[in-house]
A.B. asks: 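Below is a structure I'd like to ask you about.
In this text, all values refer to a predicted model and were calculated from it rather than measured experimentally. Here is how names work: the chains are called A, B, and so on, in the same order as the sequence lines, proteins then strands, and each is numbered from 1.
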Amino acid sequence: MRTAVVLFTSDLRVHDHPPLRSALASCERVVPLFVRDRRVAEAGFDAPNRVAFLADCLADLDAELRARGGRLIVRSGEAADAVAEVVRETGAVEVHLAAGVSGYAQARERRIRAAVGRLGGVLRVHDAVVTVVPPGAVVPSGKGADHFAVFTPYARRWAGEGTRDPLAAPRAVRVPDGVRTESLPAREDVDGVSPGLARGGETEGRRRLTAWLRGPVRAYARRHDDLAGDATSRLSPHLHFGTLSPTEIVRRAREKGGEGAEAFVRQVCWRDFHHQVLAARPDAATEDYRPRDDAWRTDGDEAEAWRRGRTGYPVVDAAMRQLRHEGWTHNRGRLLAASFLTKTLYVDWRTGARHYLALLVDGDVADNQLNWQWVAGTGTDTRPNRVLNPVRQGRRYDPDGAYVRRWVPELAGIRGPAVHEPWKLPARERAACGYPEPVVALADGLARFQSARGLDVTRRS
DNA sequence: TAATTCTTCGA
DNA sequence: CGAAGAATT
C-alpha cells in the first residue's frame, strides 16, 4: 500500500488539481496536508483578512475532501518539518506540490525536497497549477533572456501557448487512518478583519465564476475601469488562494468568447506575467526591478494620511477607504492610489505595497509588488515617468462621482463630478463637511517627483 | 551562426 | 527609455 502526501499551498481546491490527481494515480492512500507555516507569520504575511479568508478555504477544502471519503490534515510549524513529520508517520513515498514563484516558495520547495529525500521519498513538483503558463515556458526569442520584461510581447506568446485540459475533481480520496490533525482555524477567531470581507472557499469561488461568466463578463471590456459600476469579477482572492484554477478560468472564459471574456483573460495573463517576472527575479519583491536612483520620501504624516484615506483627494481616499472596509479595492482605485503615493507624494513604493499587503484579501507577492513597481516606474512599465492625475482619473473613471460618495461620507451630499474637487466648493460648505484639505498641492507633489527623476515636462493622464 | 544594428512600440 | 523582434552583417 503506497502513500503520498499532497501539500496544499496556493491551490486550495479539488477541481483541476494536478498534484492531487497525480498522487491519487500513483498511490492508494493520500494525505491532503495544509501547513500553517510560521514563516508566513514571521514574514508579516498573516494579514487578518487573508487569515480569515483562508479559514473559509480550509473549511471548504476539508468538506470537499470529506465528500470524497477523505479529510484535510492541518499542521503548524515550518512546512518542510511538517511534511517530513507526516512522511515519517505514514511511510509516504511521494510528496506532491504545486510550483511556486516567490523566494519563499522557492526556498520552501528546496527544503522540502531535501527533507523528503533524506527519508527516501521523492518530491514531485507540478507546473501550471498556480499559473496558466508555467514561468519560463515562454521566453523572448533570440538572446538568452530567462523571462519577459514587457507585457505585450509576453501576452502574444502566452496566448499562443493554449492551456492544458482542466482535470476533474477526484471521485474518492482515501486518507490513511489515524493521522493526527489540528483543528481547522475558524474565521470568527481572527481579529481585525475588514467588515465587508468576502467569503472564501472553492465552493464560493466556483459559484462566483459561474455567475460571472453567465452574464457580467460580457460587459467587462467596456466597464472594467468604471469605479462606481464595480463590474469586475472579484475573483482575485480565489486566484490568490487557488480556490479557482486559472487554467479552468481561462478555458471557460474562452469557451464563452466575446470581447468581454477576451479582456478578462488578458487580466489573467497579467497575473501570469507578474509570476514569471518574480520567478526569474524573486528579489523584485523588495528591490527595484529597474533601479532609477530614486530618493524616495520615507514613511511619515503624508503616507499616514494616505493610509487613512485622508489625503484630500476624493478618489484616492475613496479607494483607500474601500480597501480598509472590504480588504479589496477596484483595480483602477489601486492604480491611482498607488500613483498618488509614489508619484505625487513621492513616497517609497514599498511603504504602499506593505499597506496593501496588510489589508488586501488577494494580497499576492507577485501581483502586488510588481504592480506597485509598475506604478512607481521601477518595474516593467515601459513609460516609467507616467503620472496618474487623481482629479483627471476621478473625472474619467468615476464621471458622476458615485464611487467617491459611496466611500467618502463627508462628500456624500455633493452632487455630480464636483465631488472630485472639493477645494472649489464655497468655504462654508467645505468647512461644514469636515473633509480634509489636500495634503499637498498637485503641482508641488509633481515637482518633487520630476526634479528627483530629472524631468522637466509636466505629464498628463 | 551569432553578434550587431535597426525599427517599432509600450496597462 | 529600453525591450523585443526583425533585419543585417
A.B. asks: Between the side-chain atoms of A/Asn371 and the base atoms of B/dA11, is any donor-acceptor pair under 3.5 Å?
C.D. replies: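 Side chain to base: pair found, below 3.5 Å.
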
A.B. asks: Give me the distances for all protein-to-nucleotides 7-9 of chain B N/O pairs that come in under 3.5 Å?
C.D. replies:
none

A.B. asks: Do any N or O atoms from the side chain of A/Arg50 and from the backbone of A/Val361 form a donor-acceptor pair under 3.5 angstrom?
C.D. replies: no

A.B. asks: When you compare the side chains of A/Glu326 and A/Ser194, does any donor N or O come within less than 3.5 Å of an acceptor on the partner?
C.D. replies: no

A.B. asks: Over how many whole Å does the gap from A/Gln373 atom CD to B/dA11 atom P extend?
C.D. replies: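 About 16 Å, once rounded to whole Å.
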
A.B. asks: Under the rule for salt bridge (charged side-chain N to carboxylate O under 4.0 Å, His left out), what residues qualify as partners of A/Arg334, not counting sequence neighbours?
C.D. replies: A/Asp362

A.B. asks: Going by the angle between their ring planes, with limits at 30° and 60°, are A/Tyr220 and A/His224 parallel, tilted or perpendicular?
C.D. replies: tilted

A.B. asks: Within the structure, does a side-chain N or O atom of A/Ser141 lie under 4.0 Å from either OP1 or OP2 of C/dG5?
C.D. replies: yes

A.B. asks: Starting from C1' on C/dA4, measure out to NE2 on A/His147 and report it in whole angstrom.
C.D. replies: 13 Å

A.B. asks: Whole Å only: how far is the CG atom of A/Asp381 from the P atom of C/dA4?
C.D. replies: 14 Å

A.B. asks: Evaluate whether atom CZ of A/Arg187 has more than 12 neighbouring non-hydrogen atoms of other residues, nucleotides or ligands under 6.0 angstrom away.
C.D. replies: yes

A.B. asks: Report yes if at least one side-chain N or O of A/Arg290 is closer than 4.0 Å to OP1 or OP2 of C/dA3; otherwise report no.
C.D. replies: yes

A.B. asks: What's the closest nucleotide to the side chain of A/Pro140 if the choices are B/dA11, C/dG5, C/dG2?
C.D. replies: C/dG5

A.B. asks: Do A/Phe151 and A/Trp374 have ring centres separated by under 6.0 Å?
C.D. replies: no

A.B. asks: I want to know whether A/Tyr154 and A/Trp270 have ring centres closer than 6.0 Å.
C.D. replies: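 For A/Tyr154 and A/Trp270, the ring centres are not under 6.0 Å apart.
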
A.B. asks: Taking the side chain of A/Phe148 as its heavy atoms from C-beta onward, which of C/dG2, C/dA4, B/dA11 lies nearest to it?
C.D. replies: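 When the side chain of A/Phe148 is considered, C/dA4 is the closest of C/dG2, C/dA4, B/dA11.
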
A.B. asks: Do A/Asp294 and A/Tyr346 make a side-chain contact, defined as non-hydrogen atoms from C-beta onward lying under 4.5 Å apart?
C.D. replies: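 Yes, at least one pair of side-chain atoms sits under 4.5 Å.
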
A.B. asks: In residues 149-160 of chain A, which residues come under 4.0 Å of DNA chain C by heavy atom?
C.D. replies: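 When residues 149-160 of chain A is checked for heavy atoms under 4.0 Å from DNA chain C, the hits, listed by number, are A/Ala149, A/Val150, A/Pro153.
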
A.B. asks: Go through it in stages, so that I can follow the logic: the residues are A/Arg406 and A/Gln322, the test is side chain to side chain donor-acceptor pair (under 3.5 Å), and I'd like the CA-CA distance, side-chain angles, deciding distance and then a yes or no.
C.D. replies: CA-CA 9 Å; A/Arg406 186 178 309 153; A/Gln322 182 184 24; over 6 Å; no

A.B. asks: In chain order, what residues pass the side-chain contact (heavy atoms from CB on, under 4.5 Å) check against A/Glu78, with sequence neighbours excluded?
C.D. replies: A/Asp37, A/Arg38, A/Arg39, A/Ala80, A/Asp81, A/Arg111

A.B. asks: Return the residues of residues 262-286 of chain A meeting this criterion: a heavy atom under 4.0 Å from some atom of DNA chain B. Order them by number, or give none.
C.D. replies: A/Gln267, A/Trp270

A.B. asks: Suppose we screen for side-chain contact (heavy atoms from CB on, under 4.5 Å). Which residues come up paired with A/Asp165, at least two apart in sequence or across chains?
C.D. replies: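 Only A/Arg251 meet the side-chain contact (heavy atoms from CB on, under 4.5 Å) criterion with A/Asp165.
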
A.B. asks: Return the value, rounded to whole Å, for the distance between atom CZ of A/Arg332 and atom C1' of B/dA11.
C.D. replies: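 To the nearest whole Å, that distance equals 8 Å.
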
A.B. asks: Would you kindly give the CG-to-P distance between A/Leu335 and B/dA11, to the nearest whole Å?
C.D. replies: 12 Å

